[in-house]
Each structure stands twice: as C-alpha cells, then as structure tokens.
Participant: 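Let me begin by handing over the structure; questions about it come next.
Numbers for residues simply follow the sequence, beginning at 1.
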Amino acid sequence: MGTAYDEWCLSEIARMLGRTDEAGYYLSRSYNYRNLLNPETRFFHPKDKDGAFIEGVDYRYSGGLGARDYYDENNGYVYRWDVQHNVADLISLIGGNEVFTAALDSMFNEPLGMSKWQFYSFLPDHTGNVGQFSMANEPSLHIPYLYNYAGKP
C-alpha cells in the first residue's frame, strides 16, 4: 500500500521533470493497491506467497504483533483507507459515495471486541480509539477527512 503511494510520488516528480515515460511507468504502478482489494469484503486483504487471499483474516486482529505480518502498526480497518493519492478511485472501489461513507461510519462504530488493554497488547500503536479508528497513529490521521471527498463533510 505504501509502495503504491510512493510510486505515485515518483510519477509526479518524473512528470515535473518532463520524463514522461518514467512518469507513466510509476503512475501505472501506483494503482497496484487494486491487486489487494478483496471484492467480497471491500477491504485490502493480505495475500499468500502464491497471490491468493489468506483465509480467515479478521480485519481487527490478524497479522501478529503490531499486525506487521499483514499490515503495519494498525489493522485492516485503518489500512482500508490508505489510498491518499487516489481517493476518487478508492470511493469507486468501495462501492460509491453512500457505501463508502457507510463503511467509514462502520469503522468508527466497530467495537474493539476485547478490553482495550488486551487490544493494545498486540496493537500497541493502534491507540486513542473511536471504534476501530486510531486517533493516535499517523496512518489514520487523514481518515476523518475522507467524508469530504464523498460529499458528506
């Protein structure tokens, strides 16, 4: 996910330098987040070494300590919104404005499912929770503003 954003940044730098071939190359790679979107759940979903979605993933807890086996520092609920460079495409992939904002609402309302101390014991960076939203960690700071992009500020 982070690589897709980085490649978008590289495409912008190449475009500004007039290197159109490189700009196009990196821009096309910046869409690779699409390869991780599970169409059934509309979450970005980890894959195994053969490219198949890993079964039995709980977007709240899976991924080991810090969720680093599947995500990084936060869980699938936070990384569902990690397409800052192409929010319009993310809205479309999630299902349009209404489905997108309902999914945002769901994240803010989804309980931890255990005591916060248990939750923080394996997701120590995922704190300051409002539902599954983590107010205390950088990968999630843009999320509340996504309502604006879907026409529901």
Side-chain angles (χ1 to χ4, degrees), residues 1-108 110 123-153:
M1 299 293 295
T3 301
Y5 176 74
D6 294 345
E7 289 175 320
W8 176 80
C9 291
L10 289 170
S11 77
E12 288 293 294
I13 292 168
R15 183 184 59 78
M16 288 183 236
L17 294 172
R19 300 174 85 159
T20 55
D21 288 347
E22 290 167 337
Y25 171 78
Y26 286 114
L27 182 61
S28 68
R29 292 180 57 84
S30 77
Y31 287 94
N32 281 339
Y33 58 86
R34 291 176 176 174
N35 299 326
L36 296 173
L37 188 77
N38 184 328
E40 292 180 22
T41 63
R42 295 184 178 158
F43 275 82
F44 292 106
H45 195 107
K47 291 185 171 184
D48 64 21
K49 64 182 174 72
D50 297 319
F53 289 120
I54 295 172
E55 293 186 31
V57 170
D58 184 324
Y59 296 116
R60 296 174 298 177
Y61 313 125
S62 293
L65 183 61
R68 283 176 171 81
D69 292 341
Y70 295 161
Y71 300 100
D72 190 24
E73 297 183 358
N74 287 294
N75 62 19
Y77 273 89
V78 168
Y79 281 99
R80 188 178 195 184
W81 316 106
D82 197 28
V83 186
Q84 298 95 322
H85 62 292
N86 199 345
V87 176
D89 191 43
L90 179 61
I91 291 169
S92 177
L93 291 171
I94 298 290
N97 288 346
E98 294 301 318
V99 174
F100 184 83
T101 55
L104 282 166
D105 290 345
S106 174
M107 177 200 53
F108 284 106
E110 179 70 26
L123 281 166
D125 296 305
H126 193 304
T127 61
N129 294 85
V130 177
Q132 291 296 316
F133 173 69
S134 170
M135 291 188 292
N137 203 2
E138 297 88 345
S140 57
L141 298 180
H142 71 288
I143 294 172
Y145 302 99
L146 293 175
Y147 285 97
N148 296 341
Y149 291 90
K152 291 193 175 188

Participant: Would you indicate whether the side-chain heavy atoms of M1 and D72 approach each other to under 4.5 Å?
Facilitator: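 Of all side-chain heavy-atom pairs linking M1 with D72, none is under 4.5 Å.
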Participant: Do the side chain of S62 and the main chain of Y59 share a donor and acceptor less than 3.5 angstrom apart?
Facilitator: no
Participant: Tell me which pairs pass ring-ring contact (aromatic ring centres under 6.0 Å, His included) where either residue lies in residues 134-153, with sequence neighbours left out.
Facilitator: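 Residue pairs with at least one partner in residues 134-153: there are none.
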Participant: Parallel, tilted or perpendicular: which describes the rings of Y71 and Y79, with under 30° parallel and over 60° perpendicular?
Facilitator: parallel
Participant: Just verifying a value: how many Å separate L10 CG and R29 CZ, rounded to the nearest 0.5 Å?
Facilitator: 10.0 Å
Participant: How long is the span from the OH atom in Y25 to the CG atom in L27, to the nearest 0.5 Å?
Facilitator: 12.5 Å
Participant: I would like to know whether V83 and W8 meet side chain to side chain contact (heavy atoms under 4.5 Å, CB included); could you show each step before the answer?
Facilitator: CA-CA 10 Å; V83 186; W8 176 80; over 6 Å; no
Participant: With no hydrogens and no angle check, is any side-chain donor or acceptor of T101 less than 3.5 Å from a backbone partner on N97?
Facilitator: yes
Participant: What pair of heavy atoms forms the shortest contact from T127 to A136, and how long is it?
Facilitator: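 Scanning both residues, the minimum pair turns out to be OG1-CB, 3.0 Å.
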Participant: Check the pair N38, F43 against side chain to side chain contact (heavy atoms under 4.5 Å, CB included), reporting the backbone distance first and the verdict last.
Facilitator: CA-CA 6 Å; N38 184 328; F43 275 82; 5.5 Å; no
Participant: Please report the interatomic distance OG(S30) to CG(N32), rounded to the nearest 0.5 Å.
Facilitator: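 Interatomic distance, S30 OG to N32 CG, rounded to 0.5 Å: 8.0 Å.
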Participant: Can you confirm whether more than 12 heavy atoms, excluding those of D21, are under 6.0 Å from its CG atom?
Facilitator: no
Participant: Work out which heavy atom in R42 is nearest to a heavy atom in G95; give both atom names and the distance.
Facilitator: NH1-CA, 4.1 Å
Participant: Around atom OH of Y5, are there more than 12 heavy atoms of other residues, nucleotides or ligands at under 6.0 Å?
Facilitator: no
Participant: Between L104 and F100, is the side chain to side chain contact (heavy atoms under 4.5 Å, CB included) condition met? List the steps.
Facilitator: CA-CA 6 Å; L104 282 166; F100 184 83; 3.7 Å; yes
Participant: Evaluate side chain to side chain contact (heavy atoms under 4.5 Å, CB included) for R68 paired with D125, printing each intermediate quantity in order.
Facilitator: CA-CA 11 Å; R68 283 176 171 81; D125 296 305; 3.3 Å; yes
Participant: Please report the closest heavy-atom contact between G66 and L123, naming both atoms and the distance.
Facilitator: C-CD2, 3.6 Å
Participant: Return the minimal non-hydrogen interatomic distance between N86 and Y31, and the atom names on each side.
Facilitator: ND2-CE2, 3.2 Å
Participant: Between the main-chain N or O of D50 and the side-chain N or O of D48, is there a donor-acceptor pair closer than 3.5 Å?
Facilitator: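 Here the side-chain-to-backbone pair exists.
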Participant: Considering all heavy atoms of both residues, which atom of H85 and which atom of A4 are nearest to each other, and what is their separation?
Facilitator: NE2-O, 3.8 Å
Participant: Any non-hydrogen side-chain atom of R80 less than 4.5 Å from a side-chain atom of M107?
Facilitator: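 Contact flag for R80/M107 side chains = no.
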Participant: Determine yes or no for a side-chain-to-main-chain donor-acceptor pair under 3.5 angstrom, with H45 supplying the side chain and I54 the backbone.
Facilitator: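 Yes.
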Participant: Within this structure, what is the CG-CG distance for the pair N74 and N137, rounded to the nearest 0.5 Å?
Facilitator: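 Answer for the CG-CG pair, N74 versus N137, is 4.5 Å.
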Participant: Donor-acceptor check, side chain of N75 to backbone of V78, threshold 3.5 angstrom: yes or no?
Facilitator: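 Side chain of N75 to backbone of V78: a pair is present.
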Participant: Checking H126 side chain against Q132 main chain: does a donor-acceptor pair fall under 3.5 Å?
Facilitator: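 At least one qualifying donor-acceptor pair exists.
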Participant: Indicate the atoms forming the closest heavy-atom contact of F133 with S140, along with that distance.
Facilitator: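 It is CE1-O, 3.1 Å.
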Participant: Please report the interatomic distance OH(Y77) to OG(S134), rounded to the nearest 0.5 Å.
Facilitator: 15.0 Å
Participant: Taking CZ in R19 as the centre, count heavy atoms belonging to other residues, nucleotides or ligands within less than 6.0 Å. Is the count above 12?
Facilitator: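 At most 12 heavy atoms, drawn from other residues, nucleotides or ligands, come within 6.0 Å of this atom.
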